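Note that ligands are numbered from 1 as they come in the structure, with each ligand's atoms numbered from 1 the same way. Please read all numbers here as calculations on a predicted model, not as lab measurements.
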Amino acid sequence: MPVSDLSAEPKTAIVIGAGIGGLSAAVRLAVKGYQVSVFDKNDGPGGKLTQFQLGKYRFDFGPSLFTMPAFVEELFQLAGKTPGDYFSYESLDHACRYYFSDGMIFTAPTNVDQFCQAAAQTFQVNPEDLSAYFSKNQKIFEKAGWIFLNRSMYKLSTFLNKEALDAVLQTYVIELFRTMHRATLQQVKEPHLVQLFDRYATYNGSSPYRAPGILNSISILEHLHGTYFPRGGMFAITSALHRLALELGVRFAFNTPVEQILTKSGRVSGILAADGQVHPAEVVISNMDVTFTYQRLLKGKSMPWLQRGGEKSSSAVIFYWGVKKVIPALRLHNIFFSRDYQEEFEALFQRKALGADPTVYVNISSVHEPDDAPEGCSNWFVMVNAPADHGQDWDTLIKQLRQTAIDKLNAALDIDLHTLIEEEYIADPRVIEAKTLSHRGALYGHSSNHWLNAFLRHPNFSGQIKGLYFVGGSVHPGGGIPLCLLSSKIAASLIP
Ligand code: FAD
């Protein structure tokens with residue numbers, strides 16, 4: 001090896017934000033040989049993927065559904081470590097228990113064949129129609145999805161190859177221009193199943209009545225690749241990656257907001273932290289929401305026109321309840337659907353309001369992790385999709401919503417939640433924005449209600465400033481843990 005290589009100082013990289021995108025970017029750059037420092041305004045890692053304690057109950061703050069664990073494991077393998085030494089997870093036989101407004105209940109097997117058989121029996125449909133639905137979406141996922149998820153949409157090389165051409169020719173370009181709902185109706189007509197499949201739009205905070213049909217391929221994540229539960233809860237993902245990063249020599253500065261990305265002659269030169277300290281770097285990766293990165297850290301620069309002013313994804317109101325009872329009917333993931341799904345999404349995106357009868361999602365990690373709640377009790381994460389924050393009167397809305405949600409759950413489960421809730425914390429779009437600096441509290445950056453917003457999100461690099469990269473849920477390929485992990489993979493592939 002040449003002497004100059006041995007004596008060369010490692011290049012420095014700064015990551016702004018220790019969300020899942022930032023942590024995975026830090027790991028990837030450390031493996032590449034960079035000296036990496038991560039700055040976060042919060043007092044620990046994780047961003048939306050954090051946890052907190054409420055009395056004797058433990059709660060994950062944000063994500064509850066874990067898919068594609070291989071994307072997490074890949075980071076340990078890259079670093080030459082054994083993933084199982086850091087984190088483990090169990091595979092779930094059932095994806096979700098669905099409660100419909102007419103009283104029907106369907107516990108959805110994760111396995112696609114079992115799903116088709118069980119759904120065919122429950123809803124009296126032909127299992128082959130359901131298999132055809134999944135097969136088509138699998139094809140889309142494997143042909144087009146894979147290219148979109150693994151490559152930058154802003155590099156010509158992504159499109160100039162046989163694979164991409166094949167995908168364009170075969171991948172039902174039409175699915176870009178008809179909605180998820182319409183595309184589903186082509187193959188499945190049974191209303192309960194249509195509502196169930198339409199729900200996949202919420203996995204990136206969008207409306208099935210507007211998002212492109214190609215996104216029906218999200219169902220493949222759950223039913224072909226499986227759903228999982230990390231031992232110790234979702235936060236175990238954050239702690240495992242944080243530990244890995246520390247072992248790779250990554251430095252973390254918590255409680256340290258970044259105020260400015262510094263540039264010199266069209267290149268990044270470092271960052272200015274809120275304590276007035278300048279930290280030089282050759283590479284800066286922003287894991288901060290991209291809208292806020294431009295507004296607050298890159299004053300004088302504006303977002304590329306394509307991403308300017310796009311509609312935000314949905315946000316959420318979450319009730320974290322310590323419930324002094326175990327309800328045997330409830331599983332890890334439970335959905336209590338609204339009567340009128342279309343009305344619910346119109347309220348969210350057109351009127352920026354809450355639906356009159358919203359769908360309620362209940363996640364109970366203590367079903368799998370008994371230590372998350374005292375004996376005989378359970379920790380309920382009760383989430384209702386909400387519009388992004390546009391200055392609505394949240395305090396009044398939440399008061400009404402709390403009652404609506406309790407009434408709905410009481411009726412479906414024949415319980416009296418008012419007497420069972422012994423601990424409570426409530427998060428709303430304002431809280432999500434304050435905690436994670438996500439513009440308007442949106443869970444997934446821009447919505448994918450328009451195909452342009454779905455597929456041409458902000459690139460993982462800056463076209464204006466050399467050495468500046470972007471990762472996380474607000475940029476390509478999108479929000480959710482698996483996609484955030486891929487954002488850092490794409491960004492790292494662009495960094496020399
Ligand atoms: P974020 O988690 O957004 O973190 C960004 C970090 O950057 C924060 O820690 C913030 O403090 C820090 N930061 C920002 N600006 C600065 C600055 N200037 N200086 C210093 N630090 C800064 N995904 C799933 O896969 N499954 C789910 O079930 C799921 N459910 C969800 C439920 C809820 C309620 C929420 C909120 C999200 C959910 N998501 C889910 C989405 C998922 O959580 C996000 O897509 C993902 O965690 C976002 O990660 P990120 O890398 O974009 O960073």
Side-chain angles (χ1 to χ4, degrees), residues 14-26 37-50 59-69 71-72 96 202-205 218 221-222 227-230 234-235 237-238 241 252-261 271-275 284-293 295-298 313-320 332-333 361 363 381-386 427-429 431-439 441-445 470-475 477-488 491:
I14 285 177
V15 180
I16 305 167
I20 188 81
L23 285 174
S24 52
S37 302
V38 181
F39 291 78
D40 201 297
K41 70 167 187 67
N42 291 344
D43 59 7
K48 297 182 180 75
L49 195 47
T50 44
F59 290 94
D60 287 305
F61 174 75
S64 54
L65 174 68
F66 183 37
T67 54
M68 307 302 270
F71 294 169
V72 179
C96 187
T202 64
Y203 283 34
N204 62 21
I218 295 172
L221 281 186
E222 206 165 283
T227 63
Y228 302 87
F229 180 77
M234 297 296 286
F235 183 68
I237 304 170
T238 295
L241 288 182
F252 286 85
F254 292 117
N255 298 309
T256 311
V258 171
E259 291 218 320
Q260 201 182 337
I261 294 172
I271 57 113
L272 170 68
D275 58 10
V284 172
I285 302 184
S286 178
N287 179 216
M288 183 187 198
D289 181 293
V290 68
T291 304
F292 278 148
T293 304
Q295 284 180 5
R296 300 185 181 180
L297 308 192
L298 287 170
S313 80
S314 56
S315 184
V317 173
I318 308 129
F319 301 96
Y320 306 84
L332 175 67
H333 302 289
Y361 165 64
N363 170 259
F381 167 103
V382 179
M383 179 171 126
V384 175
N385 290 320
D428 62 44
V431 173
I432 295 168
E433 175 171 315
K435 193 174 159 61
T436 67
L437 288 184
S438 297
H439 189 226
L443 303 191
Y444 305 95
F470 299 90
V471 297
S474 64
V475 296
I481 297 168
L483 270 56
C484 290
L485 291 167
L486 291 176
S487 73
S488 63

What are the atoms of ligand 1, with element, lying closer than 4.0 Å to any heavy atom of [X]?
X: Gly47; value: 2 (O), 4 (O), 8 (C), 9 (O)
X: Phe39; value: 20 (C), 21 (N)
X: Asn42; value: 9 (O), 11 (O)
X: Gly479; value: 45 (O)
X: Ile318; value: 34 (C)
X: Ile16; value: 17 (C), 19 (N)
X: Thr436; value: 10 (C)

Among [options], which one has a heavy atom closest to [atom]?
atom: atom 10 (C) of ligand 1; options: Thr202, Val38, Asp40; value: Asp40
atom: atom 43 (O) of ligand 1; options: Gly21, Ala273, Pro63, Ser315; value: Pro63
atom: atom 47 (O) of ligand 1; options: Lys48, Met234, Lys41; value: Lys48

Closest approach of any protein heavy atom to [atom], naming residue and atom:
atom: atom 49 (O) of ligand 1; value: Ile20 CG2, 3.5 Å
atom: atom 45 (O) of ligand 1; value: Gly480 N, 2.8 Å
atom: atom 35 (C) of ligand 1; value: Leu443 CD2, 3.7 Å
atom: atom 7 (O) of ligand 1; value: Gly17 CA, 3.2 Å
atom: atom 39 (N) of ligand 1; value: Tyr444 OH, 3.6 Å
atom: atom 46 (C) of ligand 1; value: Cys484 SG, 3.8 Å
atom: atom 15 (N) of ligand 1; value: Met288 CG, 3.0 Å

Between Leu23 and Val38, does a side chain to side chain contact (heavy atoms under 4.5 Å, CB included) hold up when you go through it step by step?
CA-CA 8 Å; Leu23 285 174; Val38 181; 5.7 Å; no
Close N or O approach ([X], ligand 1; < 3.5 Å):
X: Met383; value: no
X: Gly473; value: yes
X: Asn287; value: yes
X: Val258; value: yes
X: Pro257; value: no
X: Ile481; value: yes
X: Ser64; value: yes

Taking all non-hydrogen atoms of both residues, which atom of [X] and which atom of [Y] are closest, and how far apart?
X: Leu486; Y: Pro477; answer: CB-CG, 4.1 Å
X: Ser315; Y: Leu443; answer: CA-CG, 3.8 Å
X: Ser488; Y: Ser24; answer: OG-OG, 2.8 Å
X: Asn42; Y: Phe254; answer: O-CB, 3.3 Å
X: Asp60; Y: Phe235; answer: OD1-N, 3.0 Å
X: His439; Y: Gln295; answer: NE2-NE2, 4.2 Å

Hey, does [Y] have a side-chain heavy atom less than 4.5 Å from the side chain of [X]?
X: Phe381; Y: Ile318; value: yes
X: Leu65; Y: Tyr203; value: yes
X: Met288; Y: Ile261; value: no

Can a non-hydrogen atom of Gly46 be found less than 4.0 Å from any atom of ligand 1?
yes
Ligand 1 contacted by Pro482 (non-hydrogen, < 4.0 Å)
yes
Pairing donors with acceptors under 3.5 angstrom, does anything connect the side chains of Tyr361 and Ser64?
yes
I would like to know whether His333 and Asn363 meet side chain to side chain contact (heavy atoms under 4.5 Å, CB included); could you show each step before the answer?
CA-CA 5 Å; His333 302 289; Asn363 170 259; 3.4 Å; yes
Apply side chain to side chain contact (heavy atoms under 4.5 Å, CB included) to the pair Thr436 and Thr50, showing each step before the final yes or no.
CA-CA 10 Å; Thr436 67; Thr50 44; over 6 Å; no
Go through it in stages, so that I can follow the logic: the residues are Met234 and Ile481, the test is side chain to side chain contact (heavy atoms under 4.5 Å, CB included), and I'd like the CA-CA distance, side-chain angles, deciding distance and then a yes or no.
CA-CA 10 Å; Met234 297 296 286; Ile481 297 168; 3.5 Å; yes
Parallel, tilted or perpendicular: rings of Tyr320 and Phe61 (30°, 60°)
parallel
Just verifying a value: how many Å separate Phe66 CZ and Leu49 CG, rounded to the nearest 0.5 Å?
9.0 Å
Does only the side chain of Phe292 get under 4.0 Å from ligand 1, or the backbone, or both, or neither? Count heavy atoms.
neither
